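Okay, structure first, notes after.
None of the values given here were measured: they were computed from a predicted structure. Just so it is clear: chains get the letters A, B, ... in the order the sequence lines come, proteins before strands, and each one is counted from 1.
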Amino acid sequence: MSESVGVDNLIELDYVKIDGGQGTSKANSAKRDLCIQHVSKSFQSKNGSVYVLEDINLEINQGEFVCLVGPSGCGKTTLMNIVAGLEKADSGDVWANGRRIQGAGPDRVVIFQEAALFPWLNVIKNVEFGLKLKGISGRERRNIALEYLKMVHLTKFQNSHIHELSGGMKQRVAIARALAMNPEMLLMDEPFSALDAQTRWILHYELQNIWMKTKKTILFVTHNIREAVCLADRIFILSTSPGRIKKEFAIDLPRPRDDNDVNVAEYSTRIMQELKAEIDKVVRCEMDADSCVECDIKCTSVEPAKTDIGGGI
Amino acid sequence: MYGMLKRAIFFTLLAGLWQLLFWLGIWPEYVLPSPVSVCKTLARGFQDQSLLIGVAISMKRIAIGYGISLGVGIFVGLLIGRFRIFEDTLGSLISGLQTLPTICWLPLSLLWFGLNDRAIIFLVFMGAVLSIATGTDSGVKNVPPLYIRAAKTMGAKKWKLYLEVIIPAALPHIIIGMKQGWSFAWRSLMAGELLIVCLGLGHLLMIGRELNDMSQVIAVMMVIILIGILVDRLFFMKVERHIRERWGLVKS
Ligand SMILES: Nc1ncnc2c1ncn2[C@@H]1O[C@H](COP(=O)(O)OP(=O)(O)OP(=O)(O)O)[C@@H](O)[C@H]1O
Ligand SMILES: [Mg+2]
């Protein structure tokens, strides 16, 4: 019963077909909130160039919640940094709210894996930080900050210092700080990955509520598929070396969703299969062939080169 | 509390030993005065305000010299820490100058400023500025890049980025440089005041010597030590601890 529901709701789109048009004109991109066009990026290293991103095309509508999922090292953070304006793409354009982005700006606030709160300021002053840069007066600043602290349920801690907060509380302050800027979109780079399962569960719930209330466009990076299914309208799967968008999934489940919901679990399993091939690929090119003998990872695609490790350690 | 008790007993014993040596009368009084007469000199110095005036004059000099070096040192440290060109040029100049004991600037200082306050203030400045600059430099280099990225996405640019993020983030290192700079400045202030005749605590020391008044010499030395301890231990150590705790660098 539940199986059929899950499969019905999971709209799987072949990404190549979507992008087949290639006709993303500027007029079209202006209506989108975020438009990534033909973005490529490589890094120079000692062993030559590493192609991290290759021809990434993405369009995100206003108020959409989009998750990027991919194996470690596939370039999720790099793409996020390019969208944020913290890094430059080698080629291609990124349009945000109809304008080509040039450098970082307060219309696209990033929430990092570690909360990146400033320890020399207390909680409320941290939330006020961006507002102060905008030149908003003291009284008004305080009111806005309080409003968003209330949204993440932390008004009680407004005068606390950062080192007195738990990891989950810090991340909530970071969310309040980002929201207080009233940005066009939120860019979240694995914001909850350092947290324990319960805290993450609470924050998933809170984030969905905040999103439904504020209708911000959110680009959310994670390597946790279940997290992606729980949060996203659409999920993009990135392949690795070089990073390309491999598949797109639309998740059409009622909100707020629960991590442990049966449907969420079912979607995750299906998407996981998609990702499995990519993870295998990472294992194959990153790890030594004989590492499979030592670890528990069952990577079927890798043949151990040597079995003789008896006197190794 | 226990530590305080130990310390109190130790210093009482030390004073007792001193008094004992005095009673034995091995050395004449102008070589080794009694603790009692040193205390009397101290009390007299505070009563007729000669000591207080000396302290005030010395503190004024160090306040001016240290204040200037704070501004210059942080500015120079920021330049060195953020720009390669300044690191290669100014940076190497500063690390070279650091090997020079501050008092070696005295001849130059006398030539530039003459026998006056400004020559001493220059010594104080030279004593502190290098440490503060290198402290700021290492602080700036150790600012977590994450702070800067976060600030940039919130719209921090140019001097606001420095003022609101880089300097505060570098504070734990800056305060270490300030502490070291203070102790160098205090030493060079005393050296300068010993050599240039114009009031101040160092000058009071020299007067004691000229009058063969050993108890004045020791009394002034005690005041110098006391001020050193007050500033170093009570002020800088507290501030440093507080900052390190706030910045999450120690477990409280
Ligand atoms: N500054 C850099 N110089 C050289 N190579 C880099 C640089 N930054 C990232 N890379 C490389 O780019 C690739 C992608 O890195 P990125 O941080 O974007 O991955 P990610 O998908 O965010 O991974 P994770 O899930 O582990 O965070 C990696 O192989 C990494 O080695
Ligand atoms: Mg990453």
Item to check | Point-to-point distance, once rounded to the nearest 0.5 Å, from CG of A:Asn81 to CZ of B:Arg149 | outcome: 4.5 Å
Item to check | Side chain, backbone, both or neither of B:Lys160 within contact of chain A (heavy atoms, under 4.5 Å) | outcome: side chain
Checklist entry - What do you reckon, is NZ of B:Lys141 surrounded by more than 12 foreign heavy atoms closer than 6.0 Å? => result yes
Item to check | Separation of A:Leu121 CG from B:Glu164 CD (nearest 0.5 Å) | outcome: 8.0 Å
Next on the checklist: For the CD1 atom on B:Ile85, are there more than 12 heavy atoms of other groups (residues, nucleotides or ligands in this structure) within a distance under 6.0 Å?
Outcome noted: no
Checklist outcome for this item: Of the listed B:Ala150, B:Gly155, B:Pro168, the one with the largest count of heavy-atom pairs under 4.5 Å with chain A is B:Pro168
Next on the checklist: Is it true that, when you exclude B:Phe113 itself, more than 12 heavy atoms of the residues, nucleotides or ligands shown sit nearer than 6.0 Å to its CZ?
Outcome noted: yes
Checklist entry - Given that the side chain runs from C-beta out, which part of A:Leu86 has a heavy atom under 4.5 Å from chain B: side chain, backbone, both or neither? => result side chain
Next on the checklist: For A:Ile111, which atoms come within 4.5 Å of any heavy atom of chain B: side chain, backbone, both, or neither?
Outcome noted: neither
Item to check | Winner by heavy-atom pair count (cut-off under 4.5 Å) against chain A, out of B:Ile243, B:Val165, B:Leu171 | outcome: B:Val165
Item to check | Atom CZ of B:Phe75 with >12 non-hydrogen neighbours under 6.0 angstrom | outcome: no
Next on the checklist: With side-chain contact (heavy atoms from CB on, under 4.5 Å) as the test, pick out the partner of B:Thr153 among A:Leu187, A:Val110, A:Asp107.
Outcome noted: A:Val110
Next on the checklist: Can you confirm whether B:Met221 is buried at CE, in the sense that more than 12 heavy atoms of other residues, nucleotides or ligands lie under 6.0 Å from that atom?
Outcome noted: no
Item to check | NZ/B:Lys157: more than 12 non-hydrogen atoms of other groups inside 6.0 Å | outcome: no
Checklist entry - Under a 4.5 Å heavy-atom cut-off, does chain B meet the side chain of A:Glu164, its backbone, both or neither? => result neither
Checklist entry - Hey, does B:Met154 have a side-chain heavy atom less than 4.5 Å from the side chain of A:Lys134? => result no
Checklist entry - What residue, out of A:Ala116, A:Pro183, A:Gly130, has the most heavy-atom pairs lying under 4.5 Å from chain B? => result A:Ala116
Checklist entry - How about A:Trp120 and B:Tyr147: are their ring centres within less than 6.0 Å of each other? => result yes
Checklist entry - To the nearest 0.5 Å, what is the distance between NE2 (A:His163) and CZ (B:Arg246)? => result 7.5 Å
Checklist entry - Would you find more than 12 non-hydrogen atoms of other residues, nucleotides or ligands less than 6.0 Å from B:Lys152 atom NZ? => result no
